[in-house]
Amino acid sequence: MNNLEEPRVYIALPVINENKRLPALITSIFDQSWPFIELYICVNQPEEWWELPDKRPVCEANALTLQFLGELKDPRIKIIDHSSKGIGWKGKKHGVGWARKILMDAILEEAADTDILVSLDADTTFGRDYLRSVVENFCDHPDAVGMAVPYFHQPVADEEAYRAILRYEIYMRHYSLNLWRIGSPYAFTALGSAMACPVRSYRAIGGMTPKMSGEDFYFLQKLRKYGEILCWNREKVYPAARFSDRVYFGTGPAMIKGNQGDWNSYPIYPYWFFDEIKETYDRFGSFFQKTTQTPLTDFAKEIFCEEDPFQPLRMNSRTEERFIRACHEKLDGLRLLQYVKKRNAAHPQQDEKNLVDFLEKFYGKENLKQLIPDTAEFSFITSSLGLQENIRLFLVKKEEEYQVNSLL
């Protein structure tokens with residue numbers, strides 16, 4: 001068992017059709033300045049893919065990956081095979097969420113409570129001090145139960161992919177910034193390649209709830225209900241920007257749909273939807289005595305099928321402070337997303353206008369003019385990549401200000 005000053009880092013890495021990227025990633029991992037590393041890899045795909053002509057190449061690529069890993073004979077690498085014939089995923093229990101859960105549960109059998117569990121994806125890059133920065137961050141903040149690591153998608157030469165990832169990341173940054181400004185406990189972005197937690201936290205929450213995709217969102221939300229999440233780290237991770245259909249939703253599928261002109265699942269929401277959430281947040285204290293009407297209370301009645309969704313919380317909360325926390329746990333990150341989606345479906349707005357309105361409202365006309373000189377002509381489809389990159393960089397900077405201040 002390692003002492004607190006030298007925790008071992010356990011990396012959970014799901015792999016599917018990554019035999020070209022994996023060698024460089026493994027070299028990068030074991031070249032880290034933090035020396036105490038164990039790497040758990042789950043090579044996986046559904047069993048039925050062996051019989052599907054269009055999926056058979058993925059199975060064969062996974063077989064090559066297993067061969068490569070076996071030939072390394074590195075005791076620091078533990079291999080979990082859910083790819084070879086007869087042991088691929090069967091039924092509904094498949095996908096990256098199940099792979100992450102199986103990896104993390106396996107790590108739990110070996111790791112000490114003071115060790116660190118880091119989630120990665122095979123298409124992600126990072127600096128040599130990345131793992132050291134994660135360890136030192138947790139050591140500096142011993143009460144933290146998890147970390148949403150800052151991210152920045154790698155620029156790509158392909159113009160269509162670059163335009164798609166800029167659009168998707170602007171959506172994510174805009175959403176996160178609105179949660180930050182209203183004081184939401186769920187102001188973090190969940191990426192499977194950018195998560196970490198102490199092993200003791202993983203044990204405490206009962207592990208990861210498996211999902212075929214979106215498991216990163218539910219995992220960080222589960223950790224957040226248990227305690228504080230770190231949203232700043234001195235080292236970032238750099239996920240790849242690529243069209244991918246390996247998961248049902250997330251970066252790859254969003255880029256594919258967006259490239260086809262469909263951004264309906266990832267709109268730039270009007271900022272006042274979040275103001276409506278804040279109005280309810282501001283009343284949580286008074287709700288301890290009596291629930292009053294807000295746009296979000298009507299939504300809560302509908303989604304929970306309860307005439308007064310806050311009454312059960314009042315009955316089970318001895319103090320106003322505990323009641324407010326229970327309100328945030330009930331109206332969690334998933335419910336907030338469902339709310340703004342519902343509002344947007346009823347009152348659809350133009351994405352470009354919503355972004356312009358947000359930038360002008362919270363960062364002023366001067367910043368807006370520097371970012372988008374001609375707002376009437378601004379378009380995610382036709383505006384230059386340079387202009388949209390500048391928007392991304394501006395949103396990154398503003399998000400980092402919130403993230404850094406959250407550590408104070």
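This chain uses plain numbering: 1 for the first residue, then up along the sequence. FYI, side chains are in, hydrogens and waters are out, and symmetry mates aren't considered; it's all heavy atoms of this structure.
- Rounding to the nearest 0.5 angstrom, the gap separating the NZ atom in Lys398 from the CG atom in Leu393 is 13.0 Å.
- Using cut-offs of 30° and 60° on the angle between ring planes, the pair Phe284 and His328 is perpendicular.
- The CZ atom of Arg132 sits 10.0 Å away from atom CD1 of Ile37, with the distance rounded to the nearest 0.5 Å.
- At distances below 3.5 Å, not a single donor-acceptor pair connects side-chain atoms of Asn344 with backbone N or O atoms of Val340.
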Q. Which is it for Asp123 and Arg21 under the side-chain contact (heavy atoms from CB on, under 4.5 Å) test, yes or no, and what are the steps along the way?
A. CA-CA 7 Å; Asp123 64 355; Arg21 293 174 180 262; 3.7 Å; yes
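- Under the rule for a side chain to side chain contact (heavy atoms under 4.5 Å, CB included), the partners of Lys236 that lie at least two apart in sequence or sit in another chain are Pro150, Phe152, Tyr238, Glu400.
- Looking only at distances, no side-chain donor or acceptor of Glu18 sits under 3.5 Å from a matching main-chain atom of Ala122.
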Donor-acceptor list for residues 360-367 side chains, cut-off 3.5 Å, not counting sequence neighbours:
| residue | atom | partner | partner atom | Å |
| --- | --- | --- | --- | --- |
| Asn367 | ND2 | Tyr363 | O | 2.8 |

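- Using cut-offs of 30° and 60° for the angle between ring planes, the Phe36 and Trp34 rings count as perpendicular.
- The closest side-chain heavy-atom distance from Phe378 to Ile391 is below 4.5 Å.
- Checking side-chain atoms of Thr27 against main-chain N and O of Pro23 turns up a donor-acceptor pair under 3.5 Å.
- Under 4.0 Å is where a charged nitrogen must lie from a carboxylate oxygen, and between Glu276 and Arg343 at least one such pair does.
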Q: Start with the C-alpha gap between Glu329 and Arg322, add the side-chain angles, then the distance that decides, and say whether salt bridge (Lys or Arg N to Asp or Glu O under 4.0 Å) holds.
A: CA-CA 10 Å; Glu329 290 175 355; Arg322 183 62 190 90; 3.7 Å; yes
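- In this structure, the side chain of Asp216 engages the main chain of Gly192 through a donor-acceptor pair within 3.5 Å.
- Side-chain N or O atoms of Lys78 include none that pairs as donor or acceptor with a backbone N or O of Leu103 at under 3.5 Å.
- Salt-bridge annotation for Lys301 and Glu306: absent, with no side-chain N of the basic residue lying under 4.0 Å from a carboxylate O of the acidic one.
- Within the 4.5 Å cutoff, side-chain heavy atoms of Leu13 are placed close to those of Leu25.
- Other residues, nucleotides and ligands contribute only 12 or fewer heavy atoms inside 6.0 Å of the NZ atom of Lys20.
- Residues that satisfy the side chain to side chain contact (heavy atoms under 4.5 Å, CB included) test with Cys59, not counting sequence neighbours, are Gln45, Trp49, Trp50.
- Between Phe274 and Tyr175, the distance separating the two ring centers is shorter than 6.0 angstrom.
- At distances below 3.5 Å, not a single donor-acceptor pair connects side-chain atoms of Asn17 with backbone N or O atoms of Ala61.
- Using a 4.0 Å cut-off between charged nitrogen and carboxylate oxygen, Arg163 and Glu159 count as a salt-bridge pair.
- Atom-to-atom distance recorded for Thr280:OG1 and Asp275:CG is 11.0 Å, nearest 0.5 angstrom.
- Side-chain contact between Leu296 and Glu279 is absent, with no heavy atoms from C-beta onward closer than 4.5 Å.
- Remark: Lys342 engages Glu302 in a salt bridge, criterion side-chain N to carboxylate O under 4.0 Å.
- For the atom pair CG (Asn44) and CD1 (Ile102), the distance works out to 8.5 Å, reported to the nearest 0.5 Å.
- The distance between the ring centers of Tyr271 and Phe358 does not fall below 6.0 angstrom.
- Taken from CG in Leu387 to CD1 in Ile372, the straight-line distance is 6.0 Å, to the nearest 0.5 Å.
- Side-chain contact check for Thr114 versus Val199: every heavy-atom pair is 4.5 Å or farther apart.
- Looking at every heavy atom in both residues, Tyr186 comes nearest to Gln221 through CE2-CG, 4.0 Å.
- Neither side chain, Thr124 nor Asp121, offers a donor N or O lying under 3.5 Å from an acceptor on the other.
- The minimum heavy-atom distance linking Trp89 with Cys42 is given by the pair CZ2-SG, 4.3 Å.
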Side chains of residues 134-143: which donor-acceptor partners sit under 3.5 Å, not counting sequence neighbours?
| residue | atom | partner | partner atom | Å |
| --- | --- | --- | --- | --- |
| Glu136 | OE1 | Arg234 | NH1 | 3.0 |
| Glu136 | OE1 | Arg234 | NH2 | 3.2 |
| Asn137 | OD1 | His141 | ND1 | 3.1 |
| Asn137 | ND2 | Trp232 | O | 2.7 |
| Asn137 | ND2 | Asn233 | OD1 | 3.0 |
| His141 | ND1 | Asn137 | O | 3.0 |

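- Ring-plane geometry between Tyr266 and Tyr168 is classed as perpendicular, the angle between the planes exceeding 60 degrees on a 0 to 90 degree scale with a lower cut at 30.
- In this structure, the side chain to side chain contact (heavy atoms under 4.5 Å, CB included) partners of Leu166, at least two apart in sequence or on a different chain, are Tyr162, Leu385, Gln388, Glu389, Arg392.
- Residues satisfying the side chain to side chain contact (heavy atoms under 4.5 Å, CB included) criterion with Asp282, sequence neighbours excluded, are Lys278.
- If you take OG1 on Thr209 and CD1 on Ile205, they are separated by 7.5 Å, rounding to the nearest 0.5 Å.
- Within a 6.0 Å radius of CD in Gln293, other residues, nucleotides and ligands contribute more than 12 heavy atoms.
- Looking at heavy atoms from C-beta onward, Met195 lies out of side-chain contact with Val149 at the 4.5 angstrom threshold.
- Listed for the Gln32 side chain is a donor-acceptor partner under 3.5 Å among the backbone atoms of Arg128.
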Q) side-chain contact (heavy atoms from CB on, under 4.5 Å) between Ile229 and Met147: does it pass, once the steps are laid out? A) CA-CA 5 Å; Ile229 296 285; Met147 186 187 304; 5.6 Å; no
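- Side chain of Asp351 to main chain of Pro267: no donor-acceptor pair is present (N/O by atom type, distance under 3.5 Å, no hydrogens or angles).
- A donor-acceptor contact under 3.5 angstrom links the side chains of Tyr202 and Asp105, judged on distance only.
- Looking at Arg100, its side chain does come within 3.5 Å of a backbone N or O of Leu120 through a donor-acceptor pair.
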Q | Residues Arg283, Thr291; criterion side chain to side chain donor-acceptor pair (under 3.5 Å); working and verdict | A | CA-CA 9 Å; Arg283 295 199 201 177; Thr291 304; over 6 Å; no
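- The minimum heavy-atom distance linking Pro295 with Tyr339 is given by the pair CB-OH, 3.2 Å.
- In this structure, Lys222 does not pair ionically with Glu215, as no charged nitrogen and carboxylate oxygen lie closer than 4.0 Å.
- The cationic atom of Arg224 (NZ for Lys, CZ for Arg) does not lie both less than 6.0 Å from the six-membered ring centre of Phe188 and within 45° of the ring axis.
- Remark: the backbone N or O of Arg314 is not paired with any side-chain donor or acceptor of Ser317 at under 3.5 angstrom.
- In this structure, the side chains of Tyr10 and Ile116 stay at 4.5 Å or more apart for every pair of heavy atoms.
- Side-chain contact between Asn316 and Phe323 is absent, with no heavy atoms from C-beta onward closer than 4.5 Å.
- Taking the ring centre of Phe380 as origin, the terminal cationic atom of Arg167 falls inside the region bounded by 6.0 Å and 45° from the ring axis.
- Seen from the ring of Tyr151, Arg173 counts as a face-on cation partner, given the 6.0 Å and 45° thresholds.
- Using a 4.5 Å cut-off on side-chain heavy atoms (C-beta onward), Thr297 and Thr292 make no contact.
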